[in-house]
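Since the structure comes first, as structure tokens, the remarks are kept for the end.
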Amino acid sequence: MSARLYMKWLPSLLLLAFVGCADPRRSEPPEAPLGAFNFTLESRPVAAQVELLDSLGYSGVTLFWPGREAFDSHARQPAVVAGRVRLPAVFFSLPFDTAWDRQELDGMLAALAPTRTALWLILSGPPDAKASMVASVRDVVDLATAQGVDVVLYPHDGAAIENVEESLALMAAVDRPRLKTSLHLCHELRAGNRDRLEAIITTAAPQLALVSIHGAAREFDPDASTWSDVIQPLDRGDFDVGTGYLLPLRRAGYEGPVLLHTFGLQDPPEDHLRRSMGRWRELSRSVADALVNAEGSG
């Protein structure tokens, strides 16, 4: 081939090479990270909890505040030190209508600060004691801010704040910009918000810091004493978690931690955690694809 003919065909050759490299199978969206609650694992030694989650690909673990010694044990685990498993938050129940120990809380915050672990606040007290609730949350946020720790409200069925809309109202009254809230599919379902999830997520997304996910039934008894219908492994339940929950979150711009809720699950952890991770990978990729396709057609 002459030099002139080669230069004539060079752009076409380069285009063919580019198209060949742009195999869609090679551009599959990466899976999003997923952490987990340590419910069903909490009776095991700390090392065993973290090792199991790490081996299955979980990116974090969250738990009730276990005391300084046990929390430090979590922080010292090799997978945590290496950054493969994070400690995104510990949840703590605050009795806002009674005197609470500021010194004890300050010590907890000092433990959380080095690992950038948020304080996940469940508010325990009468829902109508608004003044006490606002004052206590302000105090907690101010103490935490001084230590460099974020505070996230944990709306919980049966607590003073039960769903994310109540969280947003409280945040407006507290008026502390660093205060955020979490969103829980189980508690929104219990609050009767199944068919309003997309609108709720769109409103709450800018204030969300943590989100939990799991499988769930579309229909259930909201007054049941157990959570077996509302919290299931991610591969079970007939509620469409991908389209009805995860896709609206991603569409609204939420990119923070997502945590698998495991409260009350009866299957062995090795089993339900493995299955849920497999389903999460399917869901996160299908949702990423849906977003890309929506952008392409927009």
Side-chain angles (χ1 to χ4, degrees), residues 35-39 41-50 53 58-81 83 85-126 129 132-156 158-161 167 170-171 174-184 187 207-212 256-257 259 261-263:
F37 288 65
N38 80 330
F39 295 130
L41 289 173
E42 64 266 54
S43 63
R44 303 186 181 192
V46 170
Q49 296 181 38
V50 175
L53 291 170
Y58 286 88
S59 63
V61 58
T62 189
L63 58 153
F64 270 111
W65 170 247
R68 180 66 184 261
E69 183 176 349
F71 179 79
D72 287 347
S73 178
H74 277 84
R76 288 194 300 267
Q77 296 306 307
V80 176
V81 173
V85 177
R86 289 196 59 244
L87 304 173
V90 296
F91 27 101
F92 175 74
S93 182
L94 180 75
F96 61 84
D97 63 326
T98 61
W100 45 273
D101 192 330
R102 297 171 65 92
Q103 186 174 359
E104 179 185 359
L105 181 59
D106 214 35
M108 182 192 311
L109 295 168
L112 302 181
T115 52
R116 301 179 63 82
T117 300
L119 181 67
W120 214 351
L121 206 59
I122 300 173
L123 297 172
S124 173
S132 297
M133 195 186 312
V134 169
S136 289
V137 173
R138 278 180 183 156
D139 281 349
V140 170
V141 174
D142 290 344
L143 283 172
T145 299
Q147 298 262 25
V149 174
D150 293 326
V151 178
V152 182
L153 295 176
Y154 190 128
H156 191 295
I161 297 297
S167 280
L170 177 61
M171 290 163 64
V174 171
D175 193 24
R176 293 293 187 270
R178 288 191 61 167
L179 178 64
K180 300 295 182 181
T181 186
S182 56
L183 173 71
H184 305 274
H187 298 302
Q207 304 301 327
L208 292 179
L210 296 165
V211 163
S212 68
L259 300 162
H261 210 315
T262 58
F263 181 78

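- Using modelled atom types, no side-chain atom of S212 and backbone atom of H261 make a donor-acceptor pair closer than 3.5 Å.
- The distance from the CG atom of L112 to the CD atom of Q147 is 9.0 Å, given to the nearest 0.5 Å.
- Interatomic distance, CG of N38 versus CZ of F64, reported as 9.5 Å (0.5 Å rounding).
- A donor-acceptor contact shorter than 3.5 Å is absent between the side chain of S136 and the backbone of M133.
- Closest non-hydrogen pair, G107 versus R68, comes out as O-NH1, 3.8 Å.
- Note on ring orientation: taking the six-membered ring where Trp is involved, the planes of F37 and F91 are tilted (angle from 30° to 60°).
- Ring centers of Y154 and W120: under 6.0 Å apart, within the cut-off.
- Checking each of I161, L123, D142 against V137 for a side-chain contact (heavy atoms from CB on, under 4.5 Å) leaves exactly one that passes, namely L123.
- Taking 4.5 Å as the limit, every side-chain heavy atom of T117 sits out of range of all side-chain heavy atoms of V149.
- Under the 3.5 Å distance criterion, the side-chain polar atoms of H74 are matched with a main-chain donor or acceptor of A70.
- For the pair F92 and L121, the minimum side-chain heavy-atom distance is below 4.5 Å.
- Here the side chain of Q77 pairs a donor or acceptor atom with the backbone of S73 at under 3.5 angstrom.
- The main-chain N or O of L87 is never found under 3.5 Å from a side-chain atom of T62 such that the two would form a donor-acceptor pair.
- Taking CG from L109 and CD from E104, the interatomic distance works out to 10.5 Å, rounded to the nearest 0.5 Å.
- The backbone N or O of F39 lies less than 3.5 Å from a partner atom in the side chain of T262, making a donor-acceptor pair.
- Between R86 and S59 the shortest side-chain heavy-atom distance does not fall below 4.5 Å.
- To the nearest 0.5 Å, atom OG1 of residue T115 and atom CZ of residue R76 are 12.5 Å apart.
- Note that the OG1 atom of T181 and the CG atom of L210 stand 9.0 Å from one another [nearest 0.5 Å].
- Looking at heavy atoms from C-beta onward, L105 lies out of side-chain contact with W65 at the 4.5 angstrom threshold.
- Not one N or O on the side chain of S132 forms a donor-acceptor pair closer than 3.5 Å with the backbone of A129.
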